[in-house]
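These notes are about the structure you will find just below.
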Amino acid sequence: MPPSAPEQPARGFRHASVLLDGAVEALIHDADGVYLDGTFGRGGHSRAILERLGPAGRLLAIDRDPQAIAEAGTIADPRFAIERGEFARLDEISERRGLQGRLSGVLLDVGVSSPQLDDPERGFSFLRDGPLDMRMDPEHGESAAAFLARADEGEIVRVFKSYGEERFARRLARAIVARRVERPFERTADLAEVVKAAHPAWEKGKHPATRVFQALRIQVNGELEQLDAALDAALEALAPGGHLVVISFHSLEDRRVKRFIRDHVRGDTDLPRGVPVRDDQLKRRLESLGKARRPSAEEVQENPRARSAVMRVARKRY
């Protein structure tokens, strides 16, 4: 069980890109193509992609975190460019840059990065006391503290159930609503302690606030809606033959990715039975490239946060 007292991390937040070699290998099929890294983070995947590209290759990256944009400024490579924004808008960004329908590959590494988790000022972690924020773009949107201050008990229950798959969502929501009458939640450690005290059944090896913090983060950042929009946008932005590579970190994300690829591999299956159709009329726009891939035991040992990662790869047919 992780310690209940907040920990303070060492300065200099390290980020290890998950499934780095496998993702880049699956993505790049033309060294002189144009690629998009929809989640720059701290640039691990982007730097590896640039190493594999030829002189004519290009890489466009996107991120909504201003710290990620600052990190991207350290890459001095004329083949590289970055835009600040949500990856759900990657088709708009591609269109503006004249790349819509021309991308050789799109990489989406979904979720929160290690530097975001490790920096207490970002408010993502229940192990490190900091402002209860959780926004990937701290300059826009509603913070976790603001959500907990204004949401009624029913909405909090819905978020905990839907986004955290928390069995005791109602009990925890009730405890939060009761406590905020005394004073609002402003710090991560405060919320973690209230959840810890109210939670009746701790999972072995998991802090009782784990699911609550995941749920709040997904709510604050609209992560599932962002992912759905990004998958649709990526399909339109890719050129025929382009590769889509998606790395997700929990079942809510992976189920969406799996369903998206499956649906576009199968095509239009709602046609009346017995109606003669050509294969191209079924709108089978994707081809799945292999089974879901997971990090090796060695990678998990080196980076325990990689243990839940799942990578899925598909090729656009047309």
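Here the structure is a predicted model, which means the values were calculated and not measured.
A salt bridge does not link R122 to D133: none of the charged nitrogens lies less than 4.0 Å from a carboxylate oxygen. Of the charged side-chain nitrogens involved, at least one lies within less than 4.0 Å of a carboxylate oxygen, so that R150 and E155 count as a salt-bridged pair. Salt-bridge annotation for D137 and R84: present, with a side-chain N of the basic residue lying under 4.0 Å from a carboxylate O of the acidic one. Using a 4.0 Å cut-off between charged nitrogen and carboxylate oxygen, K316 and E287 do not count as a salt-bridge pair. A salt bridge does not link R42 to E71: none of the charged nitrogens lies less than 4.0 Å from a carboxylate oxygen. Classification of R96 and E83 as a salt-bridged pair holds, one side-chain N sitting under 4.0 Å from a carboxylate O.
Side-chain atoms of T188 come within 3.5 Å of backbone N or O of R128 as a donor-acceptor pair. Not a single donor-acceptor pair under 3.5 Å links the side chain of R293 to the backbone N or O of V310. Between the R285 side chain and the H264 main chain, no donor and acceptor come within less than 3.5 Å of each other. A donor-acceptor pair under 3.5 Å is absent between the side-chain atoms of R255 and the main chain of H250, judged by distance alone. A donor-acceptor pair under 3.5 Å links the side-chain atoms of E253 to the main chain of F249, judged by distance alone. Between the side chain of T210 and the backbone N or O of K206 there is no donor-acceptor pair closer than 3.5 Å. A donor-acceptor pair is defined here as one N or O able to donate and one able to accept, closer than 3.5 Å; no such pair exists between the side chain of R89 and the backbone of G85. Under a 3.5 Å cut-off, the side chain of H29 and the backbone N or O of S104 do form a donor-acceptor pair. Remark: side-chain polar atoms of D91 are not paired, donor with acceptor, to backbone N or O of A234 under 3.5 angstrom. Judged by distance alone, the side chain of H243 and the main-chain N or O of A26 form a donor-acceptor pair under 3.5 Å.
In terms of heavy atoms, A292 sits closest to R294 at CB-NH1, 4.1 Å. Of all the heavy atoms in G41 and D63, the pair that sits closest is N-OD2, 2.7 Å. Of all non-hydrogen atoms in V195 and P208, the two that sit nearest each other are CG1-O, 3.6 Å. Of all the heavy atoms in F40 and F80, the pair that sits closest is CE1-CZ, 3.8 Å. In terms of heavy atoms, P120 sits closest to P131 at O-CD, 3.6 Å. Of all heavy-atom pairs between S288 and V265, the closest is N-CG2, 3.7 Å.
Atom-to-atom distance recorded for L60:CG and R79:CZ is 14.0 Å, nearest 0.5 angstrom. With values rounded to the nearest 0.5 angstrom, N303 atom CG is found 13.5 Å from E298 atom CD. One finds the CZ atom of R217 at 11.5 Å from the OG atom of S125 (value rounded to the nearest 0.5 Å). Here the CD atom belonging to Q116 is positioned 4.5 Å from the CZ atom belonging to F124, to the nearest 0.5 angstrom. Distance CD/E186 to OG/S143: 9.5 Å, rounded to 0.5 Å. Here CG of D21 is found 9.0 Å from NE2 of H45. Values are rounded to the nearest 0.5 Å.
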Is there a side chain to side chain contact (heavy atoms under 4.5 Å, CB included) between Q219 and R158? Walk through the geometry before answering. CA-CA 10 Å; Q219 164 67 25; R158 178 191 62 79; 3.8 Å; yes

After noting the C-alpha distance and the side-chain angles of L53 and L59, does the key distance pass the side chain to side chain contact (heavy atoms under 4.5 Å, CB included) rule? CA-CA 9 Å; L53 291 184; L59 174 63; 4.3 Å; yes

Please determine whether side chain to side chain contact (heavy atoms under 4.5 Å, CB included) holds for the pair V246 and F260, giving the CA-CA distance in whole Å, both sets of side-chain angles, and the decisive distance to 0.1 Å. CA-CA 11 Å; V246 186; F260 177 84; over 6 Å; no

If you apply the rule side chain to side chain contact (heavy atoms under 4.5 Å, CB included), what do you find for H207 with F213, and how did you get there? CA-CA 10 Å; H207 191 287; F213 271 64; over 6 Å; no

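The hydrophobic cluster containing L244 does not contain M311, counting ILVMFWY residues as joined when their side-chain heavy atoms lie under 4.5 angstrom apart, directly or transitively. Transitive grouping of hydrophobic side chains (ILVMFWY, heavy atoms separated by less than 4.5 Å) brings V106 and V257 into a common cluster. When hydrophobic clusters are built by joining Ile, Leu, Val, Met, Phe, Trp and Tyr residues whose side-chain heavy atoms come closer than 4.5 Å, directly or via intermediates, L252 is not grouped with F87. Taking hydrophobic clusters as Ile, Leu, Val, Met, Phe, Trp and Tyr residues chained together by side-chain heavy-atom distances below 4.5 Å, I93 shares a cluster with L235. In terms of hydrophobic clustering, with Ile, Leu, Val, Met, Phe, Trp and Tyr side chains grouped at heavy-atom distances under 4.5 Å, V159 and V112 are assigned to a common cluster.
Put simply, the side chain of L231 reaches to within 4.5 Å of the side chain of L108, judged on heavy atoms. No side-chain heavy atom of H140 sits less than 4.5 Å from a side-chain heavy atom of R135. The closest side-chain heavy-atom distance from V110 to T39 is not below 4.5 Å. Using a 4.5 Å heavy-atom cutoff, the side chains of E299 and L19 are in contact.
Taking the centre and axis of the six-membered ring of F160, the NZ or CZ atom of R211 falls outside the cone set by 45° and 6.0 Å. Cation-pi contact between R58 and Y35: absent, since separation from the ring centre below 6.0 Å together with deviation from the ring axis within 45° is not met.
Between E166 and the choices K161, H199, R171, the side-chain hydrogen bond (donor to acceptor under 3.5 Å, both in side chains) rule is met once, by H199.
Within a 6.0 Å sphere centred on CZ of R256, heavy atoms belonging to other residues, nucleotides or ligands number more than 12. Crowding of R167 atom CZ: a count of heavy atoms from other residues, nucleotides or ligands under 6.0 Å not exceeding 12. Within a 6.0 Å radius of CD in Q301, no more than 12 heavy atoms belonging to other residues, nucleotides or ligands are found.
Inspection of the T74 and R47 side chains reveals an N or O donor paired with an N or O acceptor under 3.5 Å. With no hydrogens or angles considered, no side-chain donor-acceptor pair links Q100 and E236 at under 3.5 Å. Inspection of the D37 and S46 side chains reveals an N or O donor paired with an N or O acceptor under 3.5 Å.
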